[in-house]
Amino acid sequence: MAVLDRAAGQFVCDFVGRLPTTDTGKPFRLYGWQRDTLMEFYSTLEPDGESGELLRQYQYLYLEIPKKNGKSELAAALGLYHLFGDGELNAEVYLCAADKDNASIVFRAAVFMLESAPWTAKMIARGELKITKSQKKIEYRQQRRAENGGTRWVTVGLMAVLSAEAFSKHGYKPSCVIFDELHAQPNRDMWDVMTGAAGSAHQQPVWIVLTTAGDDPDRKSIGWEIHEKAVAIRDARQLRGILAEGGDPRQVLSLRDVEEEELPRAQAALLERDESNWLPVLYGLTAMYGDDPEVLEELDIWDEALWYRCNPSLGEHLKLRTLRLEAQAAKKSPAAEKLFRWLRLNQWISVKAVGWLPLTLYDKTQWNRPEWKALSAPLRRQAARDYLAGKKCFGGLDLSTTTDLTAFTLLFPPQEGLDTWAALFWAWRPEDGVLEAEQRDHVPYRDWARAGFLELCPGDMVDFTMVEDAVARAAEVFDLDTLGVDPYLSRTLTPRLMERGINVVEIPQDMRNLSPAMKEAERLIRAHQMLHEHNTAARWCFGNVRCAVDGNENIKPMKNRSTGRIDMTVAWIIAVAVALLSAARPPDLAQALRRPGFSL
């Protein structure tokens, strides 16, 4: 029989309240939902079956909540409580995450709290707390009498960081394990190691999971498994209360779609899934409405009342104005809407790939000077090149061999005679198999070749010599600052281009290198500050782009998830990445000295 000891929960709340938050440096002011969660988790006790001593009933706290609701700071504060506030001798607190960067977030918050609070700063000064930042380790120490009559420091508590990238599978005796962003774990290995029999060495071990929803289209991750478990435990307790009052069991999310004849069996199965040592606390669309895509699609996600139900810290830690601005952007882009649903409304995402920018935006940003409007496509293409001759530009090259397009883009920044950014396109594909390719891709490659939008290379592969010559000719006509290349397939072509005097830089096709460029391109295109020449093949590629989006709101184009070829847009993005690199590098003194009128 559970016993409620409110003093036990209040002690934890008071401990947390004496620590400063990283955003203000002022004492932690628990929000209502945080206080309620801590009071229930730490106040609910039950007698030990052997000694009769009252111990915590709950060992697992599962908290699923959108980003920016104060999750990481609460994790840091609870980690410190279990390090030296819970009274556990030889405490071992582990901060677990998918990678070193994520694992460090909670650790850095804990260090800030210890160094900033006067009372813990004194503990550091006295040597009771020892922080080793290089090893991401905090030790709680006590002085003990040594054999020689003096004293020595003995470590009686340890907080350490573990990532899925580097952890041993043996030797842990945790008193507290904190999983940050469980959904991001690459597999179940760390969860199994840290939750198996690892806590049996301590009297009141706890496992605290603080996570947002995940991007898991296959629903096979450990994050989704534990989410489903937490939902089932929550719903089992809700069902028990409804049945006790004679209510309708279909109020419970897990039973809403069960057939009438299956309802008794489903109720019994759900009640069996309750586990008394778990406390699940879930916020968000999937937690409230389930995982049916049609149901989630019908929700009015722009309803601010819904935002408050998903974000318990909205109006306090998270500002309403922030969500309103993000909602404005989310209405304009499938990728931004996905992020809004995922990170702000805590919806588990079913598809990793989403669209980038609407095709109408591409159409509205076509570069078309008045004197070109009456020209045919080939003449307009040449007129654009004549106008930009001699002007500074950055290049992007995306290579292929057979089915994909090989694409080359030149991107001209604003300069004398050019008020906006402007993009020019080149593309190649093999001539052999073009009829089959037209039937497969549903586009007129041969018509595009006749219009000058791309070139057909004789044979069944793209002729890199044609590509090399085109880049070299462009470097002669325009002031090509730097050419960015995808490292894949470019290792033989790059030395040849450099021999012809072209400055080449590799742009790896990953989130870190492409996300800033995609975001900058989106910003400029939306502001109509980045224009492009008329090219129907490039327009098709632009409309095909699907993006991968991660939990840190990074994006990159995905060829394997896009609806058709996207190579011309990828080359464009590479050119933007090169422009960003150029803007970040220090000025070239030799070039500056050659400029007319240069002076220090």
Side-chain angles (χ1 to χ4, degrees), residues 361-398 405-428 448-449 451-455 466-485 497 500-505 507 517 520-521 523-525 527-539 541-542 567-583 588 591 594-596:
L361 193 56
Y362 178 92
D363 293 336
K364 291 177 181 178
T365 51
Q366 180 173 303
W367 186 38
N368 211 354
R369 294 180 62 82
E371 61 268 27
W372 301 345
K373 290 185 178 179
L375 299 178
S376 65
L379 291 177
R380 196 184 317 169
R381 177 179 171 85
Q382 188 57 50
R385 282 151 175 72
D386 292 342
Y387 185 85
L388 293 170
K391 287 184 167 48
K392 179 180 179 178
C393 59
F394 305 97
L397 183 61
D398 185 49
L405 299 174
T406 282
F408 171 48
T409 298
L410 287 182
L411 184 62
F412 296 78
Q415 53 197 288
E416 185 176 350
L418 188 63
D419 295 332
T420 64
W421 294 77
L424 303 180
F425 306 112
W426 288 258
W428 299 263
W448 287 350
F453 297 145
L454 56 79
E455 291 186 62
M466 292 176 63
V467 178
E468 177 189 344
D469 290 342
V471 174
R473 284 195 300 271
E476 293 173 358
V477 175
F478 310 105
D479 179 13
L480 178 55
D481 179 283
T482 306
L483 174 68
V485 298
L497 290 170
R500 300 178 74 161
I502 297 169
N503 184 32
V504 181
V505 61
I507 304 294
E520 180 65 6
R523 183 185 71 82
L524 291 169
I525 292 170
H528 290 212
Q529 289 298 309
M530 182 176 286
L531 309 182
H532 55 83
E533 68 168 334
H534 169 61
N535 186 307
T536 308
R539 181 182 187 272
C541 288
F542 187 93
D567 311 88
M568 297 175 78
T569 306
V570 172
W572 190 357
I573 293 166
I574 291 173
V576 177
V578 174
L580 292 177
L581 282 177
S582 176
D588 188 314
Q591 286 186 358
R594 288 195 295 268
R595 284 194 211 118

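Every value quoted in this text rests on a predicted model; they were computed, and no experiment measured them. Just so it is clear, the values below take in all heavy atoms, side chains as well, and ignore hydrogens, waters and symmetry mates.
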What are the two closest heavy atoms between [X] and [Y], and how far apart are they?
{"X": "D363", "Y": "R539", "result": "OD1-NE, 2.7 Å"}
{"X": "D567", "Y": "C541", "result": "N-SG, 4.0 Å"}
{"X": "L411", "Y": "A575", "result": "CB-CB, 3.9 Å"}
{"X": "A451", "Y": "P378", "result": "O-CG, 3.6 Å"}
{"X": "I574", "Y": "G396", "result": "CG2-CA, 3.8 Å"}
{"X": "L454", "Y": "A537", "result": "CD2-CB, 4.3 Å"}

Rounded distance (nearest 0.5 Å) linking atom [atom1] of [X] with atom [atom2] of [Y]:
{"X": "L531", "Y": "L418", "atom1": "CG", "atom2": "CG", "value": "8.5 Å"}
{"X": "W421", "Y": "Q529", "atom1": "CH2", "atom2": "CD", "value": "11.0 Å"}
{"X": "F412", "Y": "L480", "atom1": "CZ", "atom2": "CG", "value": "8.5 Å"}
{"X": "K364", "Y": "H528", "atom1": "NZ", "atom2": "NE2", "value": "6.5 Å"}

What's the verdict on side-chain contact (heavy atoms from CB on, under 4.5 Å) for C393 and D479, showing C-alpha distance, side-chain angles and the deciding distance?
CA-CA 6 Å; C393 59; D479 179 13; 5.8 Å; no

### Task
Determine yes or no for a side-chain-to-main-chain donor-acceptor pair under 3.5 angstrom, with S582 supplying the side chain and V578 the backbone.
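Pair absent, no side-chain N/O of S582 close to backbone of V578.
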
**Message:** Whether the side chain of Q415 engages the backbone of P413 through a donor-acceptor N/O pair (distance < 3.5 Å, no angle test) should be reported.
**Reply:** yes

So [Y] and [X], do their side chains get closer than 4.5 Å, heavy atoms only?
{"X": "L497", "Y": "L483", "value": "yes"}
{"X": "I502", "Y": "V471", "value": "yes"}
{"X": "L388", "Y": "L424", "value": "yes"}
{"X": "M568", "Y": "L405", "value": "yes"}
{"X": "F394", "Y": "K392", "value": "yes"}
{"X": "F542", "Y": "I525", "value": "yes"}
{"X": "R381", "Y": "E533", "value": "yes"}
{"X": "W426", "Y": "L397", "value": "no"}

How about E416: does its CD atom have over 12 heavy atoms from other parts shown lying under 6.0 Å from it?
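Atom CD in E416 is not packed in, count stays at 12 or less.
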
- State whether the number of non-hydrogen atoms from other residues, nucleotides or ligands found under 6.0 Å of D386 atom CG is greater than 12. yes

Within 45 degrees of the ring normal and closer than 6.0 Å to the centroid, is that where the cationic atom of K391 sits relative to Y387? yes

Decide, yes or no, whether a salt bridge links E468 with R500 under the criterion of side-chain N to carboxylate O below 4.0 Å.
yes

Test: R523 and E520 ion pair at under 4.0 Å = yes

For a side-chain contact (heavy atoms from CB on, under 4.5 Å) check, start with the C-alpha distance between V467 and F408, then their side-chain angles and the critical distance, and finish with the verdict. CA-CA 8 Å; V467 178; F408 171 48; 5.6 Å; no

How far apart are the C-alpha atoms of M530 and W572, what are their side-chain angles, what is the distance that settles it, and do they pass the side-chain contact (heavy atoms from CB on, under 4.5 Å) test? CA-CA 11 Å; M530 182 176 286; W572 190 357; 3.5 Å; yes

Apply ring pair (Phe, Tyr, Trp, His ring centres under 6.0 Å) to Y362 and H532, showing your working.
CA-CA 8 Å; Y362 178 92; H532 55 83; 3.7 Å; yes

side-chain contact (heavy atoms from CB on, under 4.5 Å) between N368 and K373: does it pass, once the steps are laid out?
-> CA-CA 7 Å; N368 211 354; K373 290 185 178 179; 4.1 Å; yes

Worksheet item: Is the distance between the ring centroids of F453 and F425 under 6.0 Å?
Response: no

